Amino acid sequence: MASDLKIQTEKVYDDPEKGTVDAIVPAYPRDEKQREVVPPQYLEVKKSDTKDAPKKPTPKSKKKVSNWIRFKLWFNTYRKFFCLTFGLNMIGLGLAASGHFPYAIRQSGAMVVGNLNFAILMRNEIFGRILYWIVNTAFAKWTPLWWRLGCTSVLQHLGGIHSGCALSGVLWLLLKVVNAFRSHQLQHDAVLVMGVVTNFAVMISALSAFPWVRNTHHNVFERHHRFVGWIGLLSTWAFVILGDCYNGVTRTWDLSGVDLIHHQDVWFTIGMTVFIALPWICVREVPVDIELPSPKVAIVRFERGMQQGLLGRISRSSIMEYHAFGIISEGKHAKYHYMIAGVQGDFTKSLVNDPPRTLWTRQVKFAGVSNTSTLYKRGIRICTGTGIGAALSTCLQSPNWYLSLIILLEGSDQEKTFGPTISGLIHRHIEPERLILWDSKKRGGRPDTMKILKEAYHFWGAEVVFITSNYIGNTEIMEGCKEAGIPVFGTLWDFVSDFVRSMIWADAILFLSEFVSCNKLCSFLSDAHTPRGIDMNAVIHIIHNGDY
């Protein structure tokens with residue numbers, strides 16, 4: 001094998017279109033003093049090697065990770081925030097229901113709208129950008145590592161507060177409406193009717209955001225969460241105003257509005273309305289150019305540069321079917337920024353089959369976990385496939401970040417997969433000493449990811465690792481890093497998609513193939529009744545292409 005490899009230490013990219021560099025170790029060790037690093041060397045596979053490369057490696061038995069590590073990964077900051085906010089609210093709800101929380105009984109509307117207000121605030125793009133800016137400005141590099149890791153974790157998992165407050169708000173609203181009906185003799189019929197309407201609207205909006213609905217029926221989630229949520233906002237205004245203006249003792253209406261401004265729930269509702277409206281004020285239709293390097297990838301180009309670590313939402317409609325993608329840009333000074341859309345659903349397919357000239361987008365982009373990369377002295381950004389869209393800007397704009405790994409499963413080489421534009425950005429701005437490219441088809445399968453990651457982490461002197469990958473890849477790397485004591489942040493997955501179920505089914509077939517022919521198993525299962533949610537064509541594709 002050694003005779004088939006050409007050692008190259010000076011010029012790494014003789015043929016950049018082929019993406020032939022497999023493993024590159026950074027030139028600076030942890031103490032950041034420049035010295036020669038010998039193992040491993042710069043390796044380049046000859047053109048002839050691609051023909052002789054093994055077709056598929058034998059699947060390795062996965063190392064079992066301790067249940068404690070799995071629990072720590074499962075009980076992440078998101079769930080901690082959810083348990084804290086929801087738990088405190090349920091304690092308050094219980095005290096209020098038993099008559100031991102006078103404030104909540106007296107200001108029940110404020111408890112409802114206050115929770116919904118915080119839930120919406122946590123998902124507001126502008127508020128999020130302000131939070132990220134404060135943290136990145138105040139704590140970058142000089143604070144202890146544990147503090148900076150904590151800041152990243154908090155910012156990444158603000159959704160836990162969103163979920164906890166939203167669900168709590170629904171239950172507080174239910175209690176308020178139940179109490180209104182219990183004292184119906186003091187309530188006007190209009191107040192009771194609006195209470196029921198508001199309750200149903202808010203419940204439907206909240207239930208539609210549950211992970212199973214959101215990720216398996218995206219259009220159902222979007223229509224109900226957005227449009228029914230807007231109906232809920234309007235009915236909340238009606239419920240609050242009617243309830244605050246009606247005097248149940250005198251059975252009269254105070255329509256002057258003077259007393260209305262002294263009610264807390266009115267101000268919370270104003271805040272909620274502002275937080276909902278702000279992102280939509282920034283919606284614009286902008287010109288785009290679509291590059292199609294392959295039938296499975298669309299590169300969308302927009303005008304103006306962007307800072308690193310941002311994501312943007314795009315749609316063909318001004319109010320429907322918005323999809324989020326990572327933003328690639330050389331910096332604020334750049335002329336363009338890009339999004340990589342891998343073909344998966346109807347929207348991304350339409351970008352390839354019918355490329356638009358304009359798209360709708362929110363001009364204020366929202367920050368992702370990569371935006372906190374400025375907190376760290378050095379880091380590693382690992383990604384697979386089109387996940388490079390969320391990772392590349394960090395490495396383009398900061399010389400202290402290492403683009404650790406790209407696993408190319410679909411294309412024959414990186415240029416054919418991502419096109420000359422993205423490949424050109426990589427080769428122009430990321431030096432060979434902080435780049436690893438791995439082409440799974442040329443190398444005959446996926447690499448030992450954790451081995452490469454550990455080597456790069458120690459040689460580069462990194463403080464943290466950021467991951468953008470599919471469910472299986474993300475889980476494996478997260479577990480490996482936790483076991484190795486490497487600080488890591490990965491993609492948040494709160495569901496298991498049909499593709500992931502197919503990957504798990506493929507693992508089972510590969511295990512059984514030790515005893516029965518793999519082709520016979522696939523043929524039998526294709527003809528037989530397969531479990532619900534399992535696409536046998538996807539299973540066969542995964543097995544034959546090594547995408548496991």
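Quick caveat: nothing in here was measured; it's all calculated off a predicted structure.
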Would Leu93 and Phe86 count as a side-chain contact (heavy atoms from CB on, under 4.5 Å) here? Give the steps.
CA-CA 10 Å; Leu93 191 73; Phe86 187 72; over 6 Å; no
Are Arg381 and Thr468 close enough, and set up right, to give a side chain to side chain donor-acceptor pair (under 3.5 Å), and what steps lead you there?
CA-CA 8 Å; Arg381 200 62 173 86; Thr468 303; 2.9 Å; yes
How far apart are the C-alpha atoms of Leu167 and Phe82, what are their side-chain angles, what is the distance that settles it, and do they pass the side-chain contact (heavy atoms from CB on, under 4.5 Å) test?
CA-CA 10 Å; Leu167 189 55; Phe82 177 84; 4.0 Å; yes
Let's go through Tyr376 and Thr152 carefully: what are the C-alpha distance in whole Å and the side-chain angles of both, what is the deciding distance for side-chain contact (heavy atoms from CB on, under 4.5 Å) to 0.1 Å, and is it a yes or a no?
CA-CA 10 Å; Tyr376 304 98; Thr152 299; 2.6 Å; yes
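Counting non-hydrogen atoms of neighbouring residues, nucleotides and ligands closer than 6.0 angstrom, the CZ atom of Arg182 reaches no more than 12 such neighbours. In this structure, Asp254 places its CG atom where more than 12 heavy-atom neighbours from other residues, nucleotides or ligands lie under 6.0 Å away. Around CH2 of Trp230, the count of heavy atoms belonging to other residues, nucleotides or ligands within 6.0 Å exceeds 12. Within a 6.0 Å sphere centred on CH2 of Trp147, other residues, nucleotides and ligands contribute 12 heavy atoms or fewer. With a 6.0 Å radius and a threshold of 12 heavy atoms from other residues, nucleotides or ligands, Phe200 has its CZ atom at or below the threshold. Within a 6.0 Å radius of NZ in Lys141, other residues, nucleotides and ligands contribute more than 12 heavy atoms. Heavy-atom contacts from other residues, nucleotides or ligands closer than 6.0 Å to CZ of Phe118 number 12 or fewer. Trp237 CH2: more than 12 foreign heavy atoms inside a 6.0 Å radius.
The nearest pair of heavy atoms linking Val170 to Ala206 is CG2-CB, 3.8 Å. Heavy atoms only, all atoms of each residue included: Thr348 and Ala341 are closest at CG2-CB, 4.1 Å. For the pair Val266 and Leu260, the tightest heavy-atom approach, listed with the atom from each and the gap, is CG2-O, 3.5 Å. Closest approach of Val300 and Leu351 over heavy atoms only: CG2-CD1, 4.3 Å.
Ring geometry, Trp142 versus Phe139: the interplanar angle falls from 30° to 60°, so the pair is classed tilted.
Residue Lys365 is tested with Arg313, Arg129, Gln307 for a side-chain contact (heavy atoms from CB on, under 4.5 Å); the sole match is Arg129. Each of Thr475, Ile382, Thr384 was checked for a side-chain contact (heavy atoms from CB on, under 4.5 Å) with Ser469, and the lone residue meeting it is Thr384.
Side-chain atoms of Gln308 and Leu396, non-hydrogen and from C-beta on, never get closer than 4.5 Å to each other. Contact of the Leu242 side chain with the Tyr246 side chain is not registered, since no non-hydrogen atoms from C-beta on lie closer than 4.5 Å. The side-chain heavy atoms of Tyr103 and Met111, taken from C-beta on, include a pair separated by under 4.5 Å. Annotation: side chain of Leu155 is not in contact with side chain of Phe489 (no heavy-atom distance under 4.5 Å). Trp360 is not listed as a side-chain neighbour of Glu321, based on a closest heavy-atom distance of 4.5 Å or more. Residues Arg304 and Gln363 have side chains in contact (heavy-atom distance under 4.5 Å, counting atoms from C-beta outward). Here the side chains of Arg362 and Trp280 are in contact, with some heavy-atom distance below 4.5 Å. Between Tyr132 and Thr374, the closest side-chain pair of non-hydrogen atoms is not below 4.5 Å.
Donor-acceptor pairing under 3.5 Å is recorded for the side chains of Asn371 and Asn136.
A distance of 6.5 Å separates CD1 in Ile299 from CD1 in Ile328, rounded to the nearest 0.5 Å.
Of the possible donor and acceptor atoms, one in the side chain of Trp267 sits under 3.5 Å from a partner among the backbone N and O of Ile261.
In this structure, Phe347 has its ring center under 6.0 Å from that of His323.
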